[in-house]
Amino acid sequence: MDQDADRLDALGAIGIARAFHYGGFKNRVIYDPGIKPNLLMTREVYKNNTAPTINHFYEKLLLLKDRMNTATGKRLATERHHFMQAFLDQFYHEWEGKA
């Protein structure tokens with residue numbers, strides 16, 4: 001299903017690369033612990049969002065796994081979701097100077 005394919009493109013290693021590429025293009029900071037993700041945005045607010053790139057993981061990317069339509073899409077999305085979660089765990093570990 002095309003919708004699953006589009007969502008899968010936003011997940012995993014390529015999804016991470018795309019998120020940071022777009023965030024850089026928009027001159028967004030990578031991370032600011034003082035700016036929390038907004039999970040209750042309207043579509044218009046989302047389109048005009050200037051929050052840090054890391055917030056985008058919580059505001060959209062990590063939500064995609066549960067929006068897949070096919071069994072194959074769900075399986076692949078789950079794998080990529082876990083990869084993204086591991087990336088975020090490592091990111092915070094390094095951000096806090098623990099690695």
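Along the sequence shown, residues carry numbers from 1.
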Visitor: Can you tell me if CD1 on Ile14 sees more than 12 non-hydrogen neighbours from other groups inside 6.0 Å?
Guide: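 No, the 6.0 Å shell around CD1 holds no more than 12 heavy atoms from other groups.
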
Visitor: Given side chain to side chain contact (heavy atoms under 4.5 Å, CB included), test Thr50 with Lys26 step by step and report yes or no.
Guide: CA-CA 8 Å; Thr50 60; Lys26 290 295 205 172; over 6 Å; no

Visitor: Compare every heavy atom of Gly73 with every heavy atom of Asp4, then report the nearest pair and how far apart it is.
Guide: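 Closest approach of Asp4 to Gly73, heavy atoms only: OD2-CA, 3.8 Å.
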
Visitor: With rounding to the nearest 0.5 angstrom, report the OG1 to NZ distance, Thr42 to Lys47.
Guide: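 Result: 10.5 Å between the selected atoms.
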
Visitor: Among Met68, Lys65, Arg67, find the residue that satisfies the side chain to side chain contact (heavy atoms under 4.5 Å, CB included) test when tested with Lys74.
Guide: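 Going through the options one by one, the only one that passes is Met68.
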
Visitor: So do the side chains of Val29 and Thr53 get within less than 4.5 Å of each other, counting heavy atoms only?
Guide: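 No; the side chains remain at least 4.5 Å from each other.
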
Visitor: Using modelled atom types and a 3.5 Å cut-off, is there a donor and acceptor pairing between side-chain atoms of Arg80 and backbone atoms of Leu8?
Guide: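 Yes.
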
Visitor: Determine, step by step, whether Ile54 and Leu88 satisfy the side chain to side chain contact (heavy atoms under 4.5 Å, CB included) criterion, reporting the C-alpha distance in whole Å, the side-chain angles of both residues, the deciding distance to 0.1 Å, and the verdict.
Guide: CA-CA 8 Å; Ile54 289 291; Leu88 289 168; 3.8 Å; yes

Visitor: Starting at CE of Met41, measure out to CG of Asn55 and round the result to the nearest 0.5 Å.
Guide: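 Between Met41 CE and Asn55 CG, I get 8.0 Å after rounding to 0.5 Å.
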
Visitor: Can you tell me how far apart CG (Asn48) and CZ (Arg43) are? Round to the nearest 0.5 Å.
Guide: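 The CZ atom of Arg43 is 12.5 Å from CG of Asn48, to the nearest 0.5 Å.
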
Visitor: Quick one, Ile16 with Phe57, criterion side chain to side chain contact (heavy atoms under 4.5 Å, CB included). Give me CA distance, side-chain angles, the key distance, then yes/no.
Guide: CA-CA 9 Å; Ile16 291 169; Phe57 286 74; 3.8 Å; yes

Visitor: Does the Arg18 side chain pair with the main chain of Asp9, one donor and one acceptor, at a distance under 3.5 Å?
Guide: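 Confirmed, Arg18 side chain pairs with Asp9 backbone.
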
Visitor: Should Thr72 and Arg75 count as side-chain neighbours, where that means a heavy-atom distance under 4.5 Å?
Guide: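 Thr72 vs Arg75: side chains touch.
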
Visitor: For Phe91 and Ile30: C-alpha separation, side-chain torsions, deciding distance, then whether side chain to side chain contact (heavy atoms under 4.5 Å, CB included) applies.
Guide: CA-CA 11 Å; Phe91 177 88; Ile30 292 173; 3.8 Å; yes

Visitor: When rounded to the nearest 0.5 angstrom, what is the spacing between CD in Gln3 and CG in Asp6?
Guide: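 CG of Asp6 is found 7.5 Å from CD of Gln3.
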
Visitor: Flag the pair Lys98 and Glu94 as a salt bridge only when some basic side-chain nitrogen lies within less than 4.0 angstrom of an acidic carboxylate oxygen.
Guide: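 No, this pair does not count.
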
Visitor: Consider only side-chain N and O atoms of Glu59 and Asn38, and report whether a donor and an acceptor are under 3.5 Å apart.
Guide: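 The criterion, which ignores hydrogens and geometry beyond distance, is not satisfied for Asn38 and Glu59.
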
Visitor: Of all the heavy-atom pairs spanning Ala77 and Leu11, show the shortest one and how long it is.
Guide: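 Minimum heavy-atom separation between Ala77 and Leu11: CB-CD1, 3.7 Å.
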
Visitor: Can you tell me which residue among Asp89, Leu62, Leu64 is in a side chain to side chain contact (heavy atoms under 4.5 Å, CB included) with Met84?
Guide: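 Single side chain to side chain contact (heavy atoms under 4.5 Å, CB included) partner of Met84 among Asp89, Leu62, Leu64: Leu62.
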
Visitor: Are Ile35 and Tyr22 connected in a single hydrophobic cluster, I mean Ile/Leu/Val/Met/Phe/Trp/Tyr linked by side-chain heavy atoms less than 4.5 Å apart?
Guide: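 Tyr22 does not cluster with Ile35.
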
Visitor: In this structure, would Phe20 and Trp95 fall into the same cluster of hydrophobic residues linked by side-chain contacts under 4.5 Å?
Guide: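 Both belong to a single hydrophobic cluster.
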
Visitor: Nearest 0.5 Å please: distance from the CG atom of Asn49 over to the NE2 atom of His56.
Guide: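 Those atoms lie 9.0 Å apart.
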
Visitor: Would the distance check show the side chain of Arg7 and the main-chain N or O of Asn69 forming a donor-acceptor pair, the cut-off being under 3.5 Å?
Guide: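 Answer holds: no.
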
